[in-house]
Amino acid sequence: MTTPLLEARNVNKAFGGVHAVENVSVSLMPGEVVALLGHNGAGKSTFIKMLSGVFPADSGQILIDGKSVDIRSPHDAQELGIETIHQTLALADNLDAVSNLFLGREQTDRFGFLDTEAMEHGARQTIERMRLRIPSLNASVRSMSGGQRQAVAIARALHFNARILIMDEPTAALGPEETKNVGLLIQELKRQGLGIFLISHDMHDVFQLSDRITVMKSGRLVGSYPTKELTQDDALEMIILGRKPARFAAATA
Amino acid sequence: MTTVSQPVSSSSKVLPRLLRAIGGGHADTRLMAMVGVLALIWLCANILTGGVFLSPRNLFNLSLQVSVVAIMASGMILVIVTRHIDLSVGSQVGFLGVLGGLVQSVWLPDSVHAWWIASLVILGGGVFIGLIQGALVAYARIPSFVVTLGGLLFLRNAAYELNDGTTIAPLSEIFQILGGGQNGVLGGPLSWLFAFVVAGIVVGSLVRKHRRKRRLGIQKPLQASDYFSAAAWCACAFGFVAIVNSYNKPGTDEPMGMAFPVLILIAVTAAMTLVAKRHRFGRHVFAVGGDPQSARLTGINTQRVVLKVFALMGLLSGLASIVLTARLNAAASGAGTMMELYVIAAAVIGGTSLAGGAGTILGGCVGALIMQSLQSAMVLLGIPSPTQSMVLAGVLVVAVWIDTMWRERRPS
Ligand SMILES: Nc1ncnc2c1ncn2[C@@H]1O[C@H](COP(=O)(O)OP(=O)(O)OP(=O)(O)O)[C@@H](O)[C@H]1O
Ligand SMILES: [Mg+2]
């Protein structure tokens with residue numbers, strides 16, 4: 001068996017009294033799409049935020065290529081090749097698409113002055129390659145629609161040659177065609193060997209795109225199974241009741 | 001696929017297009033509106049004062065007064081852009097001025113090096129104050145309003161304590177040059193040279209823009225608006241030099257020319273505009289102001305950005321303190337009293353949004369010009385000082401009101 005691209009072992013995170021993530025262990029293989037499902041407030045976003053360096057885990061271990069790593073900041077995660085499309089998109093509304101795409105990682109000369117042309121050129125290429133639709137690269141993101149803003153966030157995550165891509169509800173605001181494009185994109189990235197965490201409430205997308213389905217409820221891991229072996233009803237049962245489908249429960253007991 | 005949508009042209013949009021043209025192709029109608037307001041104020045003031053307001057002498061003095069406020073406004077703009085405020089800048093000016101005065105006349109009297117050592121102490125002190133306040137805001141998470149209100153009180157009284165409230169005068173002769181007195185001016189020929197240098201830079205940047213766009217394969221690299229704005233800048237430079245050159249040193253027929261504080265202001269404005277628009281640091285400042293949480297998620301060290309912004313504010317307060325102290329040729333603990341209000345007003349009138357994330361350095365300069373022009377006009381008209389302050393207070397509130405309406409009308 002190959003070593004997982006990313007592995008989380010017994011990760012915990014509490015906010016005051018709320019145990020948002022409790023003893024969660026998940027692994028991600030190269031070229032694998034793992035869907036993370038669960039109710040609102042199940043702890044999905046909290047879990048992936050520990051991977052993308054928003055805040056450190058209270059306890060537990062994160063391994064990349066089998067080696068234990070310490071992710072203390074978004075910068076650390078980016079260095080490790082982890083790119084995240086946050087649920088909130090993490091865009092600065094007052095800046096334009098190009099600025100947002102390179103935010104925190106601007107191309108500059110030796111003295112820190114921005115190379116706007118290079119960045120605009122790079123942004124244009126990425127956006128075209130991803131077949132995304134962004135009306136104007138130089139208009140402030142505030143003036144864009146929800147879907148266009150999402151396109152900017154997706155372009156940003158894919159511009160820097162990620163090895164691990166985390167998508168927290170990436171298609172929530174996209175139209176049907178754009179959603180389909182993102183689906184194609186995921187399949188393409190998978191072929192290139194990226195590992196992808198996909199958080200989505202859209203069962204159809206999840207079953208079409210993922211290789212494995214992992215369900216969380218109230219911060220705990222309910223179960224993780226190959227998508228092929230699950231029916232949509234199984235998945236719903238896990239999400240709603242927070243327990244493994246009967247036939248798996250028997251097998252693992 | 002990227003498509004850039006072009007606004008539909010219609011003849012009913014002549015005014016916006018004209019304004020855009022003056023702004024150099026960017027739809028900075030806001031700045032142009034302010035320039036319009038300024039022109040109106042000048043015109044009215046000139047009529048009311050019977051032509052005194054627009055006399056070379058008054059404009060020369062106005063340029064000196066504006067320098068102090070506008071130097072600080074460029075820093076305050078970045079502070080406000082990050083959603084903070086610095087109420088202590090006036091007290092910083094007073095405190096740092098006394099500090100510089102002590103260096104010159106008590107610690108190093110009669111030294112030819114006193115002027116630059118004092119200047120360095122003032123600038124370093126400013127940065128130090130900024131770092132402390134910035135650390136309290138960014139890392140200790142105390143609201144900037146509270147930290148700098150404390151700074152306002154602390155520094156003003158520390159300035160008093162430093163020298164028992166007595167005024168230190170006179171200061172080093174060389175130091176006085178920085179304030180733009182009779183010796184602190186360029187004189188006629190050098191001022192004209194300066195205007196030519198500005199014109200050269202403007203034309204040079206026009207040529208560079210043309211080349212760059214050509215290389216990118218753009219058919220019509222320069223718009224009429226580009227030529228117009230270049231011409232406007234050159235006109236400003238030559239116009240200003242013509243005015244200050246027609247003001248002679250008292251008792252002679254030697255022209256004063258550009259004063260050093262104005263040169264410092266121009267340098268600061270150019271540098272700060274570059275930092276705000278073209279430098280990574282400025283980009284991060286605007287990102288933090290636009291959405292602090294998002295900025296953090298993208299890996300920007302938002303706390304360090306805030307710390308640096310306050311340190312920069314301190315540096316600029318120091319610079320302003322040098323100019324003011326040198327101009328007055330005296331270091332008094334009361335110098336710069338109420339100046340925080342002028343500086344904040346200049347920033348806000350100049351289009352800096354108190355909600356954060358928006359503002360331009362040039363706008364702050366125009367804002368400072370508007371504030372100082374109003375004050376200068378009122379002084380010339382013999383309006384008593386308390387009334388002046390009341391009027392300026394009203395102007396500030398109305399400016400914020402107009403700003404609010406402006407932003408509601410144009411969400412982007
Ligand atoms: N910064 C925070 N401070 C305090 N509590 C938090 C914080 N972030 C999340 N929580 C709590 O942690 C729990 C899990 O939240 P999380 O955002 O991870 O859910 P989620 O599974 O992503 O839900 P959704 O599907 O709605 O996005 C919730 O109870 C939430 O209130
Ligand atoms: Mg979530």
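Since we're looking at a predicted model, the values are computed, not measured. Chain letters run A, B, ... following the sequence lines, proteins first, then strands; residues in each count from 1.
With a threshold of 4.5 angstrom between heavy atoms, A:R156 approaches chain B through side-chain atoms but not through N, CA, C or O. For A:S73, no part lies under 4.5 angstrom from a heavy atom of chain B. Only the side chain of A:E117 has a heavy atom closer than 4.5 Å to any heavy atom of chain B. Neither the backbone nor the side chain of A:F102 comes within contact range of chain B; no heavy atom of the residue lies under 4.5 Å from a heavy atom of that chain. Interface residue A:L91: only backbone heavy atoms are found under 4.5 Å from chain B.
Between the CZ atom of B:R283 and the CE atom of A:M119 there is a distance of 5.0 Å, given to the nearest 0.5 Å. To the nearest 0.5 angstrom, A:L95 atom CG is 8.5 Å from B:F286 atom CZ. From B:R280, atom CZ reaches atom CG of A:D109 across 9.0 Å, with rounding to the nearest 0.5 Å. Summarising the geometry, atom CD1 belonging to B:I300 is positioned 11.5 Å from atom NE2 belonging to A:H75; distances are rounded to the nearest 0.5 Å.
Environment of NE2 in B:H210: crowded, with over 12 heavy atoms of neighbouring residues, nucleotides or ligands closer than 6.0 Å. In B:F145, the CZ atom is not crowded: 12 or fewer heavy atoms of neighbouring residues, nucleotides or ligands sit closer than 6.0 Å. The 12-atom threshold is not exceeded at CZ of B:R278, counting heavy atoms of other residues, nucleotides or ligands nearer than 6.0 Å. Within 6.0 Å of atom CZ in B:F128, 12 or fewer heavy atoms from other residues, nucleotides or ligands are found, so the atom counts as exposed in its surroundings.
Contact detail for A:P74 and B:L297: the closest heavy-atom pair is CB-O, 3.5 Å.
Contacts with chain B were tallied for A:D76, A:N94, A:L114; A:L114 has the most, counting heavy-atom pairs under 4.5 Å.
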_Steps toward side-chain contact (heavy atoms from CB on, under 4.5 Å) verdict (A:V54, B:R296)_ = CA-CA 8 Å; A:V54 179; B:R296 214 172 71 79; 3.7 Å; yes

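Remark: side-chain polar atoms of B:D291 are not paired, donor with acceptor, to backbone N or O of A:D93 under 3.5 angstrom. A:Q78 contributes a side-chain N or O that, together with a main-chain N or O of B:T298, makes up a donor-acceptor pair within less than 3.5 Å.
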